[in-house]
S.K.: 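My structure is below; once you've seen it, I'll send some questions.
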2 protein chains.
Amino acid sequence: MSIKPTPETFQGVLVDADTQIESFRQTRNSRRTELVEDYVELIADLIADGGEARQVDIAHRLGVAQPTVAKMLKRLAAEGFIQQKPYRGVFLTARGNELAARSRERHHIVESFLCALGISPETARIDAEGIEHYVSAETLEAFKSHLAKLG
Amino acid sequence: MSIKPTPETFQGVLVDADTQIESFRQTRNSRRTELVEDYVELIADLIADGGEARQVDIAHRLGVAQPTVAKMLKRLAAEGFIQQKPYRGVFLTARGNELAARSRERHHIVESFLCALGISPETARIDAEGIEHYVSAETLEAFKSHLAKLG
DNA sequence: ACGACAATATAGCCATTGCTATATTCTTGT
DNA sequence: ACAAGAATATAGCAATGGCTATATTGTCGT
Ligand SMILES: [Mn+2]
Ligand SMILES: [Mn+2]
Ligand SMILES: [Mn+2]
Ligand SMILES: [Mn+2]
């Protein structure tokens with residue numbers, strides 16, 4: 001509102017503007033990196049499991065079509081996360097491996113934390129797949145502390 | 001992998017395929033409704049606070065440009081969440097009000113839960129803005145239980 | 001009453017993330 | 001060796017969510 005009839009001090013529903021702006025900005029940012037994180041994490045897992053990460057396997061795991069994967073892999077290669085040999089599987093660069101490791105650890109902490117709260121493993125897995133990308137370092141630490149306390 | 005050299009029973013890094021597919025599907029779904037939820041919630045808050053929700057205020061709060069808001073409002077109107085009078089603020093339909101109420105409550109629970117974990121209010125606010133959209137009913141209940149336990 | 005200014009509308013651009021359809025290339029079994 | 005099938009590449013489309021620039025419309029103060 002440009003002109004507020006009721007002064008802010010009456011504490012309406014509205015939250016501090018600057019914090020909210022920053023929250024939305026941060027969320028938009030996380031949304032932009034979400035897919036990249038899931039891809040490198042999945043690629044790392046596929047390589048760890050079967051020695052290679054092929055487009056068909058990635059597509060199947062993600063539940064999307066193969067050309068969708070092909071396009072994203074090009075982007076990941078352009079951004080230096082993976083290396084692609086035509087008609088071969090993809091491999092992670094050092095940078096890709098780092099991001100994969102960070103993502104995997106964060107993912108695991110979030111999922112474990114949800115399980116520790118008594119949430120069913122299925123739901124924990126589903127929710128963690130989304131939540132992981134929006135958890136800050138501070139929140140991750142809090143999750144870890146909570147897990148340690150129950151350890 | 002079409003042909004696995006190591007049988008699944010050796011329990012590699014890879015998680016059950018069907019659950020993972022479903023997790024990614026669910027996450028993509030939540031991502032699609034994320035913005036809509038934030039818009040109606042914000043519109044409800046602006047109306048509660050100042051009696052009206054104008055494009056400029058929405059744009060300012062979200063940290064985006066006014067035409068971005070104008071386009072989204074058309075979509076919200078088309079989907080029956082709001083009513084628009086040209087050159088006037090927007091108003092929520094019954095459907096819009098319902099979604100706003102649900103979103104606001106869920107948002108509040110997530111933020112309170114994070115605070116209860118000892119996370120700073122600033123971080124809790126930022127993280128909750130993203131996390132809220134990926135929290136299932138079951139997880140929300142677990143958060144509520146945890147909050148109740150802390151009295 | 002009307003000119004300034006504020007708010008909204010519209011046009012046109014771009015990036016992202018999905019899709020289908022189809023062409024190309026690799027691999028494998030006979 | 002080579003045909004069939006599997007995997008990858010490419011083309012072209014659509015929806016979404018951003019942006020800037022600009023036109024139109026309301027509102028308010030004098
Ligand atoms: Mn993940
Ligand atoms: Mn994920
Ligand atoms: Mn919200
Ligand atoms: Mn939000």
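In the text below, chain A, chain B and the rest are named by the order of the sequence lines, each starting its count at 1. Being a predicted model, the structure only gives us computed values, none of them experimental.
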S.K.: Before accepting this row, confirm whether a basic side-chain N of the pair B:E37/B:R106 lies closer than 4.0 Å to the acidic partner's carboxylate O.
M.R.: yes

S.K.: Among C:dG18, D:dT20, D:dT8, which nucleotide has an atom closest to any side-chain atom of A:V64?
M.R.: C:dG18

S.K.: Choosing from C:dT10, D:dA7, C:dT20, which nucleotide comes nearest the side chain of A:V56?
M.R.: D:dA7

S.K.: Measure the distance from CG on A:L62 to C1' on C:dG18 and round it to the nearest whole Å.
M.R.: 12 Å

S.K.: Figure out the NE2/C1' separation between B:H60 and C:dA7, and round it to whole Å.
M.R.: 15 Å

S.K.: Considering every strand and a 4.0 Å limit on heavy-atom distances, what is the contact class for B:P86: base, sugar-phosphate, or nothing?
M.R.: sugar-phosphate

S.K.: With a 6.0 Å cut-off on ring centres, are B:H107 and B:H133 close enough?
M.R.: no

S.K.: Is it the case that one hydrophobic cluster holds both B:Y134 and B:F24, taking links as side-chain heavy atoms less than 4.5 Å apart, direct or via other members?
M.R.: no

S.K.: Which atom names give the shortest non-hydrogen contact between A:Q84 and A:A77, and what distance separates them?
M.R.: OE1-CB, 3.9 Å

S.K.: Nearest to the side chain of B:Q55 - C:dC26, C:dT8, D:dT10?
M.R.: C:dT8

S.K.: Hey, are A:E122 and A:R125 close enough for a salt bridge, meaning a charged N less than 4.0 Å from a carboxylate O?
M.R.: no

S.K.: Can you measure B:K85 atom NZ to C:dT8 atom P for me and round it to whole angstrom units?
M.R.: 14 Å

S.K.: Under 4.0 Å from any atom of DNA chain C, heavy atoms only: list the residues of residues 30-45 of chain B that qualify, in numerical order.
M.R.: B:R31

S.K.: What integer distance in Å separates A:M72:CE from D:dA9:P?
M.R.: 15 Å

S.K.: Take B:R25 and A:L62 through the side-chain contact (heavy atoms from CB on, under 4.5 Å) test and state the conclusion after the steps.
M.R.: CA-CA 8 Å; B:R25 213 191 54 76; A:L62 289 176; over 6 Å; no

S.K.: Between B:Q84 and A:K71, just flag the one whose closest nucleotide in DNA chain C comes earlier from the 5' side.
M.R.: B:Q84

S.K.: Are a donor atom and an acceptor atom from the side chains of A:E138 and B:T123 found within less than 3.5 Å of each other?
M.R.: yes

S.K.: Within the 3.5 Å criterion, strictly below it, is a donor on B:T27 or B:S30 matched to an acceptor on the partner's side chain?
M.R.: no

S.K.: From C-beta outward on A:A65, which listed nucleotide comes closest to its side chain: C:dT20, D:dA9, C:dA9?
M.R.: C:dT20

S.K.: Compare side-chain N and O positions of A:T68 against OP1 and OP2 of C:dC19 and report whether any pair is under 4.0 Å apart.
M.R.: yes

S.K.: Please check the phosphate of D:dA9 (OP1 and OP2 only) for any side-chain N or O of A:R54 closer than 4.0 Å.
M.R.: no

S.K.: Tell me whether the side-chain N or O atoms of B:Q66 pair up with the base of C:dA7 as donor and acceptor below 3.5 Å, since no angle test is needed here.
M.R.: no

S.K.: Closest nucleotide of DNA chain D for B:Y87 versus for B:P67: which of these residues is on the 5' side?
M.R.: B:P67

S.K.: What is the separation between atom CG on B:L73 and atom P on C:dA7, rounded to the nearest whole Å?
M.R.: 15 Å

S.K.: Counting any heavy atom closer than 4.0 Å, what does A:K74 reach on the DNA or RNA strands: base, sugar-phosphate only, or nothing?
M.R.: sugar-phosphate

S.K.: What is the distance, rounded to the nearest whole Å, between atom CZ of B:R28 and atom P of C:dT16?
M.R.: 18 Å

S.K.: Using whole Å, report how far CZ of A:F24 lies from P of D:dG18.
M.R.: 11 Å

S.K.: Using whole Å, report how far CZ of B:R25 lies from C1' of C:dT17.
M.R.: 17 Å

